[in-house]
Amino acid sequence: MTVAEIIVDVPTMQTNRPFEYSIPEALNDVVVPGMRVEVPFGRGKRKIQGFVMKTKDQSDFKGKLKPISRVIDLKPVLSNEMLQLSYWLADKTYSFQISCLQTMLPSVMRAKYKQYAIPLDKTDPEVLNLFQGQATFEITNSLTDSQIRLINRLRKNEKIDLRYVVENKAQQIKRQAVMTDLNIIQLHEAKNELRGNAKSQVKLLDFLIQHLNDLPVEMSELQKNFGIARSAIKTAEKNKLLKIVEVTKLRKPEGINPEKTTKLELTDEQQVAVDQIGQAISREQPETFLIEGVTGSGKTEVYLQTIEKALQQDKTALMLVPEISLTPQMVNRVVGRFGNQVAVLHSGLSSGERYDEWTRIENGDVKVVVGARSAVFAPLQRIGLIIIDEEHEASYKQDDNPRYNARDVALWRSKVNHCPVVLGSATPSLESRARAEKGVYHLIRMKKRINNQNLPHVQIVDMRDAENSSIKGDFSPVLKNNLQATLENHDQAIILLNRRGYSSFMMCRECGFVLKCPNCDVSLTYHKDLGKMKCHYCGHEEPVPNSCPNCRSKKIGFYGTGTQNIEQQLNDLFPEARVLRMDVDTTRRKGAHAKILQKFGSHQADILLGTQMIAKGLDFPDVTLVGVINADTTLSLADFRASERTFQLLTQVSGRAGRAKKTGRVVIQTFNPDHYAIKDAAKQDYETFFKQEMYLRHQSNYTPYYFTTLISVANKDEGQTLKQSYWLKKQLQTALSKDAILLGPSPTMISRKQNKYYYQIIVKYKHEPKLHDKLLEILNETQADAKKGFTIAIDNEPQHID
DNA sequence: AGCACGCCGACT
DNA sequence: GTCGGCGTGCTC
């Protein structure tokens, strides 16, 4: 093979295709598809990273090929499966192939580019002045305009040159370790031949004899734990008793070493599920199962036992979990069952740790991978089963490029790997449930909670009625009384604040002025810990005003309910109760999330107060009360999934109550007590909700009856944004049939973010064969405008429209 | 992205 | 005249 097709690391539309390079003779058998290489690109001496997609003997290119500069990897980092996946993914998400290839790999494997200046004419006074005695310096964006001008001029005059460096940050920690080629008999002989006073050597040989199976052992460990000095090792090396080798040390994320757990006994429903899925694993067919199991029905145990079935057949398993459910509780359960055959990919890992876990998987040291969205690209071989827990979660969709949905990627991989996919949820997405209805997926229903626990008793509190409309704070008498009783029983409670648009902002009672972000079209929210007003979109901060900036009135104050405010109310109502607050502010620090949950789990607090993040998968036996402060804030969103999201959230959080012997109580406060999403959630009645919601989706032509694609346009100038939007709509109309529905352009919910205006167009359609190519064409045509600050984003099957 | 080429206006 | 501004187009 003398020619390689390479996708270069230049994310633009014009370079979104393979470029051909010649393979130097020295690298003849080395360069293979899936490998990263360094190549020259462009007219200058610029060097960039690229991915080898194909090798061949004949070039289709008319010009002269440049040679590959060097290989970055010794073996391919992407399997053939992943290379194929990248084509499909790029096409499906309208993104650059290079972006797709990069998202499949740990972030440290993304190349870093640096430029250095080197002097050519070392006598030139300007050059001497520029370098200040330094042999070289890095070109960074901290250089001033005049410095850049000078560098450009000197370069044109060939007084200086630029050197391009492609850096590979992915490096494992290398350590020196001790190894021996001698066998046990030879070691004993060598020991006997030693002089009597060679005490260290005896000790060293004893160590080798004892730990022969554990070699290589790191030198530092020998020194630290066995008191064998470096000099002794060197002597032994000289005498050919051992060898010093380099080993790569994989950073093993520290912490949890859970106790070994064993299989739990299955209920009849669980057994049916495990059997069905187990058979599909043996059949090696890409079938999809949807487990619709009420909260507490024991889905996790089904996952674990089906994973075991895959392992028994010498296959591997991939399990996806939403990031917020990736709690120590959950991880312990999996690691406890399968031990060190498990790799966990969660956001708490440092980039180095993540890379090392990736390496373990890639090496085949791992049989089970558990992780959030991006774990769907785990380099597992022989996948026998893919599980997606909390299948309905919006976080499986990445909300920037490439906008992929891990669920779709999983389905793609299941076809290539001939393995089943299991989607599990108490509240499946309408799409998945509808597919099950049509027989595309196998539906497995689990209607009973394990140990036949009762479903929690749910009470809906109408906040509009006489008793509640006049209360001062946010706690209705019903919720207050329930909290009181819970505290008296020494049980625990969870209070959910449905966050969207519900944090405290400042408003003037005199003139109605609301303190807003100067860059974004949103009100600033108060952060008690900072004592400042802050924008959630751009991070803008300003001090709390003590008079209204508009009318100078002193009557400016806080409105709305943030978690901090609720916490204060709880403290006032129940001074003796210990309250833990969990929200973006208290969980920002690494590991803080886990720490709070651990604290609550060990009953060091009575009330856990938080936003969505407390609704998922937590299992605390002492929790007997769940209170929802404002059930309906998600309902008022202009999003067609608003009801679905509200239903899911309420059902999930209600499921947190009464998970052990004790029966749980749930109090839902709402201004829409008759809304079907709230009523059905209270009854944990998914099927009724499903029918009602499907009817409404049908009426308004939305998913799952129609496909949706969202195209958004952003620009600094609002008029220009609108102009571009209408042009876009016209373009789309030429490619669409009469059956397609085109909505917009309309401003997004927050129409201005970081001083850019956002408009969007929604296409709803059933079958539009020309749409895909038209969108690609539009992307091509608007590429040039990107430099002028226009951005067009295409979101295939968006999760939220806002 | 980064670079070259080319065309235009305002300076020694 | 020429320096340097930016708009355009290409990169195997």
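Each chain gets a letter, A, B and so on, in the order the sequences are listed, and its residues count up from 1. The structure displayed is predicted, hence computed values, not measured ones.
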*Sub-6.0 Å ring centroid separation between A:Phe41 and A:Phe19*: yes

Expressed as a whole number of angstroms, how long is the span from [X]:[atom1] to [N]:[atom2]?
X        : N     : atom1 : atom2 : result
A:Glu158 : B:dA4 : CD    : P     : 11 Å
A:Lys47  : B:dG2 : NZ    : C1'   : 15 Å
A:Asn152 : B:dC5 : CG    : P     : 14 Å
A:Lys156 : C:dG5 : NZ    : C1'   : 11 Å
A:Tyr113 : B:dA1 : OH    : P     : 13 Å
A:Lys45  : B:dA4 : NZ    : C1'   : 14 Å
A:Ile148 : C:dG5 : CD1   : C1'   : 15 Å
A:Gln115 : B:dA1 : CD    : P     : 14 Å

Between the side chains of [Y] and [X], is the shortest nitrogen-to-carboxylate-oxygen separation below 4.0 Å, so that they form an ion pair?
X        : Y        : answer
A:Arg360 : A:Glu357 : yes
A:Lys397 : A:Asp795 : yes
A:Glu797 : A:Arg403 : no
A:Glu167 : A:Lys114 : yes

*Parallel under 30°, tilted from 30 to 60°, perpendicular over 60°: which one fits the rings of A:His772 and A:Tyr94?*
tilted

*Of all residues at least two apart in sequence or in a different chain, which pass the ring-ring contact (aromatic ring centres under 6.0 Å, His included) check with A:Tyr759?*
none

_Shortest non-hydrogen contact between A:Arg373 and A:Ser395, atoms and distance_ =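 It is NH1-O, 2.8 Å.
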
Nucleotides 6-8 of chain B: which of its N/O atoms have a protein N/O under 3.5 Å away?
none

*Any luck finding a side-chain donor-acceptor pair between A:Glu38 and A:Asn168 under 3.5 Å?*
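Per modelled atom types, A:Glu38 and A:Asn168 side chains form no pair under 3.5 Å.
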
Atom pairs under 3.5 Å: protein N/O with N/O of nucleotides 9-12 of chain C:
unit_1 : atom_1 : unit_2  : atom_2 : d
C:dG9  : N2     : A:Arg43 : NH2    : 2.8
C:dT11 : O3'    : A:Gly42 : N      : 3.3
C:dC12 : OP2    : A:Lys66 : NZ     : 2.4
C:dC12 : O3'    : A:Glu20 : O      : 2.6
C:dC12 : O3'    : A:Lys66 : N      : 2.7
C:dC12 : O2     : A:Glu20 : N      : 2.8
C:dC12 : N4     : A:Arg17 : NH2    : 3.2

